[in-house]
Chemist: 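Quick one: this structure, given as structure tokens, is what I'll be asking you about.
Fair warning: this is a prediction, and the values are worked out from it, not measured in the lab.
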Amino acid sequence: MKLTKLLVIPVLFATAALSAQQTTYNYSDGQIGAIYSKKAASQPAQGSQYYNEKFLPAKVDDANEVSMVRYNAYSDEIEVQVNDEILVLQPKDNQTVKLSGDKGIYKYVQFTNKENVSSQRYLIPVSENAKVNIYKKENIYLQPEEHPTSGYGSYKAPMYKKKDLEYYIQLNNGDIVYMSTKKKDVATIIPGKEKEIKAFIKENKIDTEEDEDLKTLGAYLNSLL
């Protein structure tokens, strides 16, 4: 298990301002006057880069040792706590990080995203079967700070925010591709089986954005292949 040091660099260096409101100045030069507004001091980003900030016990691939890890959904890194240091696990193809107590798995895989672009990062297996695997992707982005455009606005600090979860599917050990969770789209996943899948979703009241329901759905889709 290769680890590298995590260098923590604040996204924004700033002294927190007691007031984010702008101060307006009026300078005149002869007969021409100009109004300037003082830019509010930047503040550190708010929110979190993690869905869960706690370090949890886990095993990496087939290692016997237990490590304390957490997933950084902003940087897409597995952070490992070693004594008083936070290190970063070096990713590799199909690397698996399994949290103890069935609290989840992260797998480093290649996939095709919603924009049909090939990408690689940690995904979470939701339903694992011989012929059908369903994954979800956690992602956090940084919303930039906002400075008021007039003296009447207020400053907004940058903030880490969660993106909507995305889901991916793999059939017959093929490529991992984006999966729309709209029921009408899910019904077309397996050509020629649309009626059966629609009926299964309706009869079992499947919520296509709930992990437990996706496990059930994945097992059913597996039985159709």
Chemist: Rounded at 0.5 Å granularity, tell me how far CD in Q170 sits from CG in N129.
Modeler: 11.0 Å
Chemist: Start with the C-alpha distance between L214 and K136, add both sets of side-chain angles, then the distance that settles side chain to side chain contact (heavy atoms under 4.5 Å, CB included), and finish with yes or no.
Modeler: CA-CA 10 Å; L214 285 173; K136 70 178 177 182; over 6 Å; no
Chemist: State yes or no: do L217 and V126 share one hydrophobic cluster built from I, L, V, M, F, W and Y residues joined by side-chain heavy-atom distances below 4.5 Å, directly or via other members?
Modeler: yes
Chemist: Are Y71 and N52 close enough that some pair of their side-chain heavy atoms sits under 4.5 Å apart?
Modeler: no
Chemist: When you group the ILVMFWY residues by side-chain heavy-atom contacts below 4.5 Å and let the links chain together, are V60 and L56 in the same group?
Modeler: yes
Chemist: Does any donor atom in the side chain of Q43 or Y155 lie under 3.5 Å from an acceptor atom in the other side chain?
Modeler: no
Chemist: Is the closest side-chain heavy-atom distance between E210 and E212 below 4.5 Å?
Modeler: no
Chemist: I'd like to know if the side chain of N172 and the backbone of G174 have a donor-acceptor N/O pair within less than 3.5 Å.
Modeler: no
Chemist: Quick one: NZ on K137 to NZ on K163, what's the gap to the nearest 0.5 Å?
Modeler: 6.5 Å
Chemist: Below 4.5 Å, heavy atoms only, C-beta onward: do D76 and Y108 meet side chain to side chain?
Modeler: yes
Chemist: Determine yes or no for a side-chain-to-main-chain donor-acceptor pair under 3.5 angstrom, with R70 supplying the side chain and E53 the backbone.
Modeler: yes
Chemist: Can you name the nearest heavy-atom pair linking S100 to A58, along with the distance?
Modeler: OG-N, 4.0 Å
Chemist: Side-chain contact, heavy-atom cut-off 4.5 Å: Y220 with K193?
Modeler: no
Chemist: For D175 and Q110, test the side chains for any donor-to-acceptor distance below 3.5 angstrom and give the result as yes or no.
Modeler: no
Chemist: If two hydrophobic side chains count as joined below 4.5 Å and joins carry through other members, does I169 share a cluster with I197?
Modeler: yes
Chemist: Going hydrophobic residue to hydrophobic residue with side-chain gaps under 4.5 angstrom, can you get from L165 over to Y178?
Modeler: no
Chemist: Any donor-acceptor pair under 3.5 Å linking the side chain of S48 with the backbone of Y50?
Modeler: yes
Chemist: Using the side chain to side chain contact (heavy atoms under 4.5 Å, CB included) definition, which of the options L171, I134, L224 pairs with I189?
Modeler: L171
Chemist: Run through Q46, Q143, Q49 and flag the one making a side chain to side chain contact (heavy atoms under 4.5 Å, CB included) with Y160.
Modeler: Q49
Chemist: Taking side-chain hydrogen bond (donor to acceptor under 3.5 Å, both in side chains) as the criterion, tell me which of Y74, Y106, Y51 meets it with E138.
Modeler: Y106
Chemist: Considering only heavy atoms from C-beta outward, does the side chain of V80 approach that of F55 to under 4.5 Å?
Modeler: no
Chemist: Within this structure, what is the CD1-OH distance for the pair I124 and Y168, rounded to the nearest 0.5 Å?
Modeler: 12.5 Å
Chemist: Using 0.5 Å steps for rounding, measure from the CD1 atom of I190 to the NZ atom of K131.
Modeler: 10.0 Å
Chemist: Nearest 0.5 Å please: distance from the CE atom of M68 over to the CD atom of Q81.
Modeler: 6.5 Å
Chemist: Identify the two heavy atoms, one from S127 and one from G218, that lie closest to each other, and give their separation to 0.1 Å.
Modeler: OG-CA, 3.4 Å
Chemist: Would you indicate whether the side-chain heavy atoms of F200 and L221 approach each other to under 4.5 Å?
Modeler: no
Chemist: Quick check: closest heavy atoms across S180 and D185, and the distance to 0.1 Å?
Modeler: OG-OD2, 2.8 Å
Chemist: Below 4.5 Å, heavy atoms only, C-beta onward: do V88 and I78 meet side chain to side chain?
Modeler: no
Chemist: Which pair of heavy atoms, one from A45 and one from L142, lies closest together, and at what distance?
Modeler: CB-CD1, 3.9 Å
Chemist: Does the side chain of N139 come within less than 4.5 Å of R121's, by heavy atoms?
Modeler: yes
Chemist: Tell me yes or no: between the side chains of Y122 and Q95, is some donor less than 3.5 Å from an acceptor?
Modeler: yes
Chemist: Donor-acceptor pair, distance only, cut-off 3.5 Å: does the side chain of D207 make one with the backbone of E209?
Modeler: yes
Chemist: Between NZ of K107 and OG1 of T96, what distance do you get to the nearest 0.5 Å?
Modeler: 5.0 Å
Chemist: What pair of heavy atoms forms the shortest contact from N222 to A130, and how long is it?
Modeler: OD1-N, 3.5 Å
Chemist: Taking all heavy atoms of A157 and all of P44, pick out the closest pair and write down the distance.
Modeler: CB-O, 4.1 Å
Chemist: For N72 and E77, does a side-chain donor sit closer than 3.5 Å to a side-chain acceptor?
Modeler: no
Chemist: Under a single-linkage definition using a 4.5 Å side-chain heavy-atom cutoff for Ile, Leu, Val, Met, Phe, Trp and Tyr, are L123 and Y141 assigned to the same hydrophobic cluster?
Modeler: no
